[in-house]
Engineer: 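The following block contains the structure, expressed as structure tokens.
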Amino acid sequence: MAVPTFVDRVTLHVSAGRGGHGVASVHREKFKPLGGPDGGNGGPGGSVILRVDPDVTTLIDYHHSPKRKAGNGGQGAGDHRNGAHGEDLVLPVPDGTVVTDMQGNVLADLVGAGSELVVAQGGRGGLGNAALASSKRKAPGFALLGEPGEDREIGLELKVVADVGLVGFPSAGKSSLIAAISRARPKIADYPFTTLVPNLGVVRAGDTTFTVADVPGLIEGASDGRGLGHEFLRHIERCAAIVHVIDTASIEPGRNPLDDLDIIENELTSHGGLEDRPRLVALNKVDVPDGRDIAEMTIDELRERGLRVFPLSAASGEGTRELVFAMAEIVAASRTARPEVTPTRIVLRPQGADGGAEFTVTPTDDGYVVRGEKPERWVRQTDFANEEAVGYLADRLNRLGIEDRLMELGAEEGDTVIIGDPHAGDSGAVVFDFRPSIEAGAEMLGRRGEDQRFTEDRPAAQRRRAIQEAMEERAEGETRADVARRLDLGDTGPTSYEIGSADDPDWLADDPGADHDEDRER
């Protein structure tokens, strides 16, 4: 199987690095039992960047290795140590590379050495508990997870950046001409379609240096897919001038220079976007007697069309100097009128599903679907194995107004709420049961890593609530301890007593059937 040496179209799968997780840590030092949270943040993941490199002329590396991934961010650590940044992955691409998505939409047109496109952004690092501490949450028992990096499939299409493009029928002598006027050494043979890939040559004329592209031969119907030309017509889209190379010594019946020119012009018109480019006509192979005669018969008619015509021979070099200086003149004028291209850095930031709003809530048959950059990012950062982290997420969603919006739409406790894309599989969305909540604050203290809103069945919590309710109906002079004791005994006995007396519930609780009077006398 032949190994390609020139590739101008590839599909590339890029994955940015994941952000490192934050860490929940408490400072520990001798004689400082309450040192406070000191968990560091996770480092951001590396991004995938396309950068124009003048030394790269083909996309063949990505043809052989179509999957690329940047480095992950490092995890945070205690003592306020942040994780390392993930290493960016810089992919060199040729000048003139067009980046598209899988639907064919153009994302960027990379022209100019050094131009960059951040095609996949690295994930953010998660915050450690030191960064999450606040006046209400002084010692968080949780940290945020790092976000996954962007995962994207893109198309790379190379449009050769050349100043002059040579077009014409197969075997018209385009490769011979570029070899005669530059140091390029393309394959030259006496059969059609010798040139299978564009060839570039550097030409110098006086003080002007420019590049010339030899495009594979065109035939009638090339713009519709016939022959090879339809694959390479895009390579002359960036040319400042087009040179028609016409074979004046063709032995094919029915061929003549005027018809060849008309056919190629029709193909360029069908391709579109080339109507404003200056044209030059090179009548090649005048070193052949019949070729010179045919050139002399057609040159006047071509000039009547307003075209500059140059009879020449790529084999002997006759007339090539005049053509080179004519091309240099057009290139110099084009460069003067063209604005200077400065390297740019482009970051792909596609519009989210929320359409620019902070979030949207849509009632569906499966439940209420919440979409938005913030809520979806917060869900990805939450450690659902930690109740306090889930409570923190509930607080953030509530402050954003999602609960109010759900209630406006008629959501009731127990209804299904989906945050994220419900059609993206298990990793695309998180499903909750709607339950209106209150924000956690200093009054809602619990053990580290727990949120009391998720531990309502704990016996201690039930007892505290029962005591609080009974305090509203307590008798005069009854203390909280009396109420608690009364609830523990399960009766409505006296609220005050003498220790060791018959009313002392501690004696009664030991053995209700015993003779405690005798015990007290002893």
Side-chain angles (χ1 to χ4, degrees), residues 164-182 184-199 201 203 212-223 226-233 235-236 239 241-271 274 277 279-305 307-324 326-327:
V164 178
L166 305 181
V167 298
F169 272 76
S171 300
K174 300 183 297 297
S175 299
S176 300
L177 179 58
I178 198 174
I181 63 178
S182 72
R185 293 296 176 263
K187 182 179 180 180
I188 300 173
D190 58 353
Y191 55 84
F193 299 115
T194 306
T195 301
L196 299 178
V197 299
N199 296 303
V203 182
V212 178
D214 163 25
V215 179
L218 303 178
I219 61 175
E220 188 173 7
S223 60
R226 294 189 60 195
L228 297 175
H230 73 291
E231 283 292 323
F232 301 101
L233 277 170
H235 290 303
I236 60 175
C239 296
I242 296 176
V243 176
H244 285 278
V245 181
I246 298 177
D247 185 1
T248 61
S250 174
I251 60 174
E252 296 183 23
R255 289 264 308 269
N256 66 77
L258 295 177
D259 290 343
D260 287 357
L261 177 64
D262 292 337
I263 290 173
I264 300 302
E265 278 294 338
N266 287 335
E267 297 305 319
L268 298 181
T269 302
S270 298
H271 182 72
L274 302 171
R277 311 303 161 83
R279 262 68 164 176
L280 301 176
V281 177
L283 297 176
N284 193 23
K285 302 183 182 178
V286 296
D287 54 315
V288 178
D290 292 342
R292 188 177 299 273
D293 294 340
I294 293 176
E296 292 176 352
M297 288 188 294
T298 58
I299 190 170
D300 292 335
E301 187 171 349
L302 291 172
R303 285 173 177 168
E304 289 177 1
R305 298 186 182 186
L307 299 171
R308 298 176 64 182
V309 185
F310 299 86
L312 57 85
S313 170
S316 65
E318 178 186 349
T320 56
R321 178 178 175 82
E322 291 79 2
L323 176 62
V324 166
M327 290 190 292

Engineer: Could you tell me which residues satisfy side chain to side chain donor-acceptor pair (under 3.5 Å) with Asp287, sequence neighbours excluded, listed by chain and number?
Structural biologist: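 By the side chain to side chain donor-acceptor pair (under 3.5 Å) rule, Asp287 matches Ser313.
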Engineer: So, using side chain to side chain contact (heavy atoms under 4.5 Å, CB included) as the criterion, who are the partners of Glu322 when residues are at least two apart?
Structural biologist: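 Side chain to side chain contact (heavy atoms under 4.5 Å, CB included) list for Glu322, sorted by chain: Phe310.
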Engineer: Kindly say whether Ala179 contributes a backbone atom to a donor-acceptor pair with the side chain of Ser182 at under 3.5 angstrom?
Structural biologist: no
Engineer: Identify, with sequence neighbours excluded, every residue that meets salt bridge (Lys or Arg N to Asp or Glu O under 4.0 Å) alongside Glu301.
Structural biologist: none
Engineer: Can you name the residues that form a side chain to side chain donor-acceptor pair (under 3.5 Å) with Asp262, not counting sequence neighbours?
Structural biologist: Arg305
Engineer: Mind checking what makes side chain to side chain donor-acceptor pair (under 3.5 Å) contact with Thr269, not counting sequence neighbours?
Structural biologist: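 For Thr269 there are no side chain to side chain donor-acceptor pair (under 3.5 Å) partners, ignoring immediate neighbours.
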Engineer: Could you walk me through whether Leu283 and Val309 pass the side-chain contact (heavy atoms from CB on, under 4.5 Å) test, one step at a time?
Structural biologist: CA-CA 7 Å; Leu283 297 176; Val309 185; 3.5 Å; yes
Engineer: Just by distance, do the side chain of Thr248 and the backbone of Asn284 share a donor-acceptor pair under 3.5 Å?
Structural biologist: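 Looks like yes, one N/O pair under 3.5 Å.
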Engineer: Using 0.5 Å steps for rounding, measure from the CG atom of Leu274 to the CD atom of Glu267.
Structural biologist: 12.0 Å
Engineer: Under 3.5 Å, side chain of Asp260 to main-chain N/O of Gly168, donor-acceptor pair present?
Structural biologist: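 Looks like no, no N/O pair under 3.5 Å.
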Engineer: Report the residues that fulfil side chain to side chain donor-acceptor pair (under 3.5 Å) with Glu318, sequence neighbours left out, ordered by chain and then residue number.
Structural biologist: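 Per chain and number, Glu318 pairs via side chain to side chain donor-acceptor pair (under 3.5 Å) with Arg292.
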Engineer: Test Leu261 against Leu307 for side-chain contact (heavy atoms from CB on, under 4.5 Å), laying out the working first.
Structural biologist: CA-CA 11 Å; Leu261 177 64; Leu307 299 171; 3.7 Å; yes
